[in-house]
Amino acid sequence: MKPQKPPIPSETRNVVVALANASADLNQIIESLPPAIGHETVARLRDMAEHLNDLSELLEQQVSRQVMV
């Protein structure tokens, strides 16, 4: 039987999920913005959403590596 890796601590999992949710929420807000909002503002918001998603993935990967050690 293959050994199971230990689970990610719940506190960290909560932060990972919160970051991913914040990114998804921000993307929904971006989609609902009126056309009068400037392109530069929308681009900055998209960058922020992508950054939050990247942070979520990086944190999850980092913790997974530490748990496996």
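Taking CD of E31 as the reference point, atom CZ of R46 lies at 7.0 Å (rounded to 0.5 Å). Interatomic distance, L55 CG to Q62 CD, rounded to the nearest 0.5 Å: 12.5 Å. Within the model, atoms CE of M48 and CD1 of I30 stand 8.5 Å from one another, a figure rounded to the nearest 0.5 Å. Here the straight-line distance linking atom CG of L26 with atom CG of L45 works out to 5.5 Å at 0.5 Å rounding.
When each of D54, L52, N53 is tested with E50 by the rule side chain to side chain contact (heavy atoms under 4.5 Å, CB included), just one qualifies, namely D54.
Taking 4.5 Å as the limit, every side-chain heavy atom of D47 sits out of range of all side-chain heavy atoms of H51.
A donor-acceptor pair is defined here as one N or O able to donate and one able to accept, closer than 3.5 Å; no such pair exists between the side chain of S56 and the backbone of L19.
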